[in-house]
Amino acid sequence: MACLAVFRQELMGCFTRRSDALFELADAVLAAGLVLSLPHLSLDPLHRRGHGSVYAALAKDRDRARLERAAR
């Protein structure tokens with residue numbers, strides 16, 4: 001469990017803008033199973049935001065290198 005907690009902290013640190021929305025998105029994607037679309041994902045109970053906030057968060061934060069480092 002400690003490894004998961006460290007990963008979650010590193011993941012949260014990767015998001016520079018709209019981090020709360022992106023972190024919720026990551027949780028929902030991992031827990032939802034098959035995700036047909038972002039609007040469909042917004043119906044999952046773990047994702048408490050509308051699909052518009054998902055698109056906005058994805059458009060604002062694009063630090064791919066930082067995400068790749070956290071995934072290692």
Side-chain angles (χ1 to χ4, degrees):
M1 284 306 265
C3 187
L4 179 59
V6 169
F7 172 74
R8 289 175 63 84
Q9 287 176 328
E10 287 181 11
L11 180 62
M12 184 65 153
C14 290
F15 304 136
T16 57
R17 302 172 88 189
R18 300 189 184 233
S19 58
D20 54 339
L22 290 170
F23 197 75
E24 273 188 24
L25 174 61
D27 270 348
V29 165
L30 292 171
L34 178 63
V35 176
L36 302 175
S37 66
L38 289 178
H40 182 262
L41 182 64
S42 69
L43 300 175
D44 190 278
L46 285 176
H47 194 265
R48 299 178 300 228
R49 299 170 189 270
H51 67 276
S53 69
V54 173
Y55 287 112
L58 290 171
K60 295 289 182 190
D61 198 321
R62 297 187 182 262
D63 193 344
R64 182 177 176 165
R66 199 180 319 189
L67 284 170
E68 288 174 349
R69 282 192 303 273
R72 290 183 194 159

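Fair warning: this is a prediction, and the values are worked out from it, not measured in the lab.
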| Co-membership, hydrophobic cluster, residues Phe23 and Val6, 4.5 Å side-chain | no
| Out of curiosity, Leu22 CG to Met12 CE, how far, rounded to the nearest 0.5 Å? | 9.0 Å
| Hey, what do you get for CD (Glu24) to OG (Ser19), rounding to the nearest 0.5 Å? | 10.5 Å
